Amino acid sequence: MDTIETIDLAHRPFLSARFRQLNLFISDYTFANVYLFRNISRYEMLTKDCGTFISAYNYQNQNYIMPLDNPQDCSADTLRQLLSNGSFFYPIPEEWLSFFPEKEFCKSFSDSESDYIYLTENMASFAGKQYTRHRNHLNQFLGAYQPVQKHLSADTLQDGLKILHQWQHECAIASCKTDFSVCEEALRKFSELALRGTIYYINDEPAGFIIGEALNAETFCLHFAKASKAYHGIYEFMFNDTAKQLESQYKYLNLEEDMGSKNLRRTKASYGPERILKKYRVSLRIKAG
């Protein structure tokens with residue numbers, strides 16, 4: 001029997017376990033991303049006889065379905081039923097595309113939805129021509145400041161919120177058009193969401209933070225990086241320092257999408273991604289006649 005549930009914190013054990021079993025590199029398949037964007041994307045969990053799915057809506061108000069089980073376990077009739085109202089499966093990894101026959105399904109992707117994957121060792125070393133500018137910014141930062149780091153926790157919550165508010169003020173965009181509220185909830189529910197992060201201080205003042213979580217055994221996903229513009233080079237420092245902390249445990253860093261932002265695309269490309277990970281849409285073919 002089919003069931004529909006609104007996603008909340010009680011689903012974390014089940015969904016986190018399911019995401020680990022899928023062992024994907026796609027940033028969408030983390031509990032924090034699903035939970036924090038639950039209202040924006042209107043996430044609901046659907047249980048079918050062949051497995052579990054998440055129903056959601058993108059910024060264009062299009063309905064998409066995230067499979068939480070291998071789609072090949074579902075009958076063709078169930079797959080067609082899920083997509084019968086113009087919905088599409090997303091985000092689908094390339095290795096699943098063969099489960100959807102070409103004669104019945106259309107497959108596409110958007111560069112703006114692709115994830116940026118980096119070798120952690122490259123981000124930790126900033127070695128080579130690719131990182132010349134970043135090394136210069138990092139050295140300038142370290143020449144001007146003596147940053148101190150602490151683990152993000154309940155004890156540093158207020159300092160994290162101070163940084164977030166400063167970042168929001170400096171970006172000069174209405175908070176409803178940034179990820180301000182989502183990041184604020186991540187800070188307030190840091191332990192409940194099993195997140196990991198570091199906060200940085202300069203001259204005893206909170207200056208920046210990074211928040212993320214493990215995506216799979218090889219990959220750590222960075223969800224948020226916020227800092228004050230007052231400290232030139234602080235983002236290079238935070239990415240470099242985070243990579244050094246994670247290098248012994250994770251081979252890759254996933255810095256998520258650029259969301260079609262030219263500035264974000266330029267910045268993320270400048271760090272030399274090892275791979276641009278395509279996330280596919282799969283929809284029913286419209287039959288002629």
Side-chain angles (χ1 to χ4, degrees), residues 5-20 27-45 54 56-59 66 147-202 204-215 219-231 234-235 237-239 241-242 245-246 250 253-257 259 261 264:
E5 301 175 67
T6 301
I7 290 174
D8 59 29
L9 281 172
H11 291 104
R12 187 173 76 82
F14 171 78
L15 288 176
S16 294
R18 186 56 54 90
F19 293 149
R20 283 195 297 271
S27 61
D28 305 64
Y29 286 90
T30 63
F31 179 75
N33 263 345
V34 170
Y35 178 78
L36 292 170
F37 288 89
R38 66 195 182 283
N39 296 323
I40 296 170
S41 299
R42 290 177 275 165
Y43 285 119
E44 289 183 323
M45 197 159 69
I54 289 177
Y57 289 83
N58 62 19
Y59 289 106
M66 291 175 63
V148 174
Q149 61 170 260
K150 294 182 181 179
H151 293 300
L152 271 170
S153 66
D155 293 337
T156 57
L157 169 61
Q158 293 305 316
D159 289 340
L161 292 172
K162 184 176 180 179
I163 292 166
L164 179 61
H165 280 270
Q166 181 66 21
W167 171 85
Q168 176 60 50
H169 173 74
E170 291 174 353
C171 75
I173 301 173
S175 60
C176 62
K177 294 184 178 181
T178 70
D179 60 358
F180 173 85
S181 61
V182 175
C183 188
E184 181 181 39
E185 186 172 27
L187 286 168
R188 294 188 183 280
K189 296 182 179 177
F190 194 81
S191 60
E192 293 98 317
L193 293 171
L195 294 169
R196 175 174 173 176
T198 305
I199 184 168
Y200 299 93
Y201 294 83
I202 295 174
D204 295 326
E205 284 294 317
F209 64 77
I210 278 185
I211 296 175
E213 65 179 315
L215 181 54
T219 311
F220 192 86
C221 186
L222 300 182
H223 294 315
F224 305 100
K226 307 296 184 189
S228 170
K229 292 180 180 179
Y231 307 106
I234 191 170
Y235 280 101
F237 168 72
M238 292 198 305
F239 287 136
D241 184 72
T242 298
Q245 293 182 49
L246 298 173
Y250 299 99
L253 297 176
N254 184 323
L255 266 62
E256 302 187 335
E257 311 170 357
M259 299 175 290
S261 165
L264 268 180

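Predicted model, so just to flag it, every value in this text is computed and none were measured.
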Classify the side-chain pair Thr178/Gln168 by whether it contains a donor and acceptor separated by less than 3.5 Å. yes
If you round to the nearest 0.5 Å, how far is [atom2] of [Y] from [atom1] of [X]?
X      : Y      : atom1 : atom2 : result
Tyr43  : Met66  : OH    : CE    : 6.0 Å
Arg38  : Ile54  : CZ    : CD1   : 13.0 Å
Thr198 : Phe209 : OG1   : CZ    : 11.5 Å
Asp241 : Leu246 : CG    : CG    : 9.5 Å
His223 : Leu195 : NE2   : CG    : 6.0 Å
Ser228 : Gln166 : OG    : CD    : 4.5 Å

Tabulate below the donor-acceptor pairs under 3.5 Å that side-chain atoms of residues 155-163 make, not counting sequence neighbours, or state none.
{"residue": "Thr156", "atom": "OG1", "partner": "Ser153", "partner atom": "N", "Å": "2.9"}
{"residue": "Thr156", "atom": "OG1", "partner": "Ser153", "partner atom": "O", "Å": "3.2"}
{"residue": "Asp159", "atom": "OD2", "partner": "Tyr201", "partner atom": "OH", "Å": "2.6"}
{"residue": "Lys162", "atom": "NZ", "partner": "Glu205", "partner atom": "OE1", "Å": "3.0"}

Take Leu264 and Glu256 through the side-chain contact (heavy atoms from CB on, under 4.5 Å) test and state the conclusion after the steps. CA-CA 11 Å; Leu264 268 180; Glu256 302 187 335; over 6 Å; no
Can you see which heavy atom on [X] is nearest to which on [Y], and at what distance?
X      : Y      : answer
Lys229 : Cys171 : NZ-CA, 4.5 Å
Glu213 : Ala32  : OE2-CB, 2.9 Å
Phe224 : Leu36  : CE1-CD1, 4.0 Å
Asp179 : Lys226 : OD1-NZ, 2.7 Å
Phe19  : Thr30  : CE1-C, 3.4 Å
Ala227 : Met238 : CB-CE, 3.8 Å

Taking atom CG of Asp8 as the centre, report whether more than 12 heavy atoms of other residues, nucleotides or ligands fall under 6.0 Å from it. yes
Taking everything shown except His165 itself, do over 12 heavy atoms lie less than 6.0 Å from its NE2? yes
Val34 side chain near Asp28 side chain, heavy-atom distance below 4.5 Å: no
Asp204 versus Val148: any side-chain heavy-atom pair under 4.5 Å? no
May I ask you to decide if Thr219's main-chain N or O and Asn254's side chain share a donor-acceptor pair within less than 3.5 Å? no
Do Phe237 and Tyr200 have ring centres separated by under 6.0 Å? yes
Please determine which of Glu192, Lys189, His11 meets the side chain to side chain donor-acceptor pair (under 3.5 Å) test together with Tyr35. Lys189
Any chance you could lay out the side-chain contact (heavy atoms from CB on, under 4.5 Å) test for Leu152 and Leu187, step after step, and finish with the verdict? CA-CA 8 Å; Leu152 271 170; Leu187 286 168; 4.2 Å; yes
Go through the steps to decide whether Leu222 and Leu255 satisfy the test side-chain contact (heavy atoms from CB on, under 4.5 Å), and finish with yes or no. CA-CA 5 Å; Leu222 300 182; Leu255 266 62; 3.6 Å; yes
